Amino acid sequence: MSTTLAKIAEIEAEMARTQRNKATAHHLGLLKARLAKLRRELITPKGGGGGGPGEGFDVAKTGDARIGFVGFPSVGKSTLLSNLAGVYSEVAAYEFTTLTTVPGVVRYKGAKIQLLDLPGIIEGAKDGKGRGRQVIAVARTCNLILIVLDVLKPLGHKKIIENELEGFGIRLNKRPPNIGFKKKDKGGINLTATCAQSELDFDTVKSILSEYKIHNADITLRSDSTADDLIDVVEGNRVYIPCIYVLNKIDQISIEELDVIYKVPHCVPISAHHRWNFDDLLEKIWDYLRLVRIYTKPKGQLPDYTSPVVLPDSRTTAEDFCNKIHKNLMKDFKYALVWGSSVKHNPQKVGKDHVLEDEDVIQIVKK
């Protein structure tokens, strides 16, 4: 283990002392690729006498979305969690140690949202220390990450946490890079760029790929990409998660300072202790989760507006809706009647590929 860490430190040091310019871009690209490979080794160590299954850290996925809370000790994560969950829901009374992560469920706008405290993710977790690795595995399954910061000393913490999360392949508030990547059996490396590239040229791309022992591939760069973007695509194990920075303890600063904070993107100032600005935070959480609520209507009855079926906005066809309810429902599916903004007439007969929108009402007609 230590050797990998030593190698990582060595490469990081070399990157730090290399001047950035066009002549060294190639070299830096190589170093970045090596770094990414070493990091991956840390997260998923190579085989070798499987040390038995890890202690159970996986949290059962309940609810419609899951939010991970990350932050240093004593920034008020626990207070925020218990107050959030306490205000809006029944918190299950678990044996809550810092190692297991099942705090609570918030019901908001009909959706069940699971809140997880992710402990110990900070101090060197990406280097495989402590329980870090399991925590990251859970973090990667979250739909949204809330980074809780102390408003009095936010920036140092923010950098450290972001670095840790980036280190295990979690990209915050980013879109996946627009790069086409296809491995082939022969034919060398084909590079097509549909727009001007400021950083990547053929040689850099080639050297990064050769670091991964890929010598035949088609690469299409559809936007101005960096070496990191290319590495992300080649590694292919990156997750892109939206993120909100929660600045806690605003009861300790002046109004003028608060005005400045409000202008920072992806930020919500709150006070966990006094429960200030929770509604704002929840609203923003809802925005970032991008969930779609679908109400069901049994035949000959009024729609049930109390418990919507909640889908992620990337998958909202009638078929996805059926699968969410029960995996056998699609077998009997004949057509659906839909009321709402996604149809021209109310009700409208639709097939399984119809895309539903937020707050539509649907009635499934079986064969």
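Worth saying up front: this structure is predicted, and the values here are computed from it rather than measured.
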pair [X]-[Y]: side-chain heavy atoms closer than 4.5 Å:
X      : Y      : result
Val309 : Lys324 : yes
Tyr245 : Ile145 : no
Tyr295 : Ile362 : no
Ile67  : Ile285 : yes
Ile147 : Leu172 : yes
Phe321 : Ile325 : yes
Ile244 : Leu144 : yes
Leu209 : His215 : no

Answer yes if [X] and [Y] sit in the same cluster of Ile, Leu, Val, Met, Phe, Trp and Tyr residues linked by side chain heavy atoms under 4.5 Å apart, and no otherwise.
X      : Y      : result
Val361 : Leu311 : no
Leu191 : Leu30  : no
Phe333 : Ile294 : yes
Val310 : Ile364 : no
Leu329 : Leu337 : no

Tell me whether the guanidinium CZ or amine NZ of Lys174 lies under 6.0 angstrom from the six-membered ring centre of Tyr240 and within 45° of its axis.
no
Determine whether more than 12 heavy atoms belonging to other residues, nucleotides or ligands lie under 6.0 Å from atom [atom1] of [X].
X      : atom1 : answer
Lys32  : NZ    : yes
Lys109 : NZ    : yes
Arg290 : CZ    : no
Lys349 : NZ    : no

[X] versus [Y], closest heavy-atom pair with distance:
X      : Y      : answer
Lys284 : Val268 : CD-CG2, 3.3 Å
Leu247 : Cys267 : CD1-SG, 3.9 Å
Leu291 : Ala111 : CD1-CB, 4.3 Å
Tyr288 : Cys243 : CE2-O, 3.6 Å
Ala318 : Gly351 : CB-O, 3.7 Å
Val233 : Pro177 : CG2-CG, 3.6 Å

Please confirm whether the backbone N or O of [Y] pairs with a side-chain atom of [X], one donor and one acceptor, at under 3.5 Å?
X      : Y      : answer
Asp358 : Arg293 : yes
Lys297 : Gln301 : yes
Asn346 : Trp339 : no
Thr317 : Asp320 : yes
Lys367 : Lys331 : yes
Ser225 : Leu221 : no
His345 : Pro347 : no
Thr316 : Leu356 : yes
Asp332 : Lys366 : no
Asp218 : Lys184 : no

So which of Leu230, Asn190, Val234, Thr192 actually passes side-chain contact (heavy atoms from CB on, under 4.5 Å) with Ile219?
Leu230
Across all chains, not counting sequence neighbours, the salt bridge (charged side-chain N to carboxylate O under 4.0 Å, His left out) partners of Arg238 are Asp232
Separation of [Y] [atom2] from [X] [atom1] (nearest 0.5 Å):
X      : Y      : atom1 : atom2 : answer
Lys183 : Tyr212 : NZ    : OH    : 10.5 Å
Ile231 : Lys37  : CD1   : NZ    : 11.0 Å
Glu12  : Lys7   : CD    : NZ    : 14.5 Å
Glu319 : Met330 : CD    : CE    : 4.0 Å
Leu282 : Tyr108 : CG    : OH    : 5.5 Å

Does the pair Met15 and Leu28 meet the rule for a side-chain contact (heavy atoms from CB on, under 4.5 Å), with working shown?
CA-CA 7 Å; Met15 280 172 71; Leu28 279 169; 4.0 Å; yes
Going by atom types alone, do [X] and [Y] pair a side-chain donor with an acceptor below 3.5 Å?
X      : Y      : value
Gln348 : Tyr335 : no
Thr296 : Asp304 : no
His27  : Glu14  : yes

Ser207 and His26: CA distance, side-chain angles, deciding distance, side-chain contact (heavy atoms from CB on, under 4.5 Å) verdict:
CA-CA 8 Å; Ser207 60; His26 178 85; 3.4 Å; yes
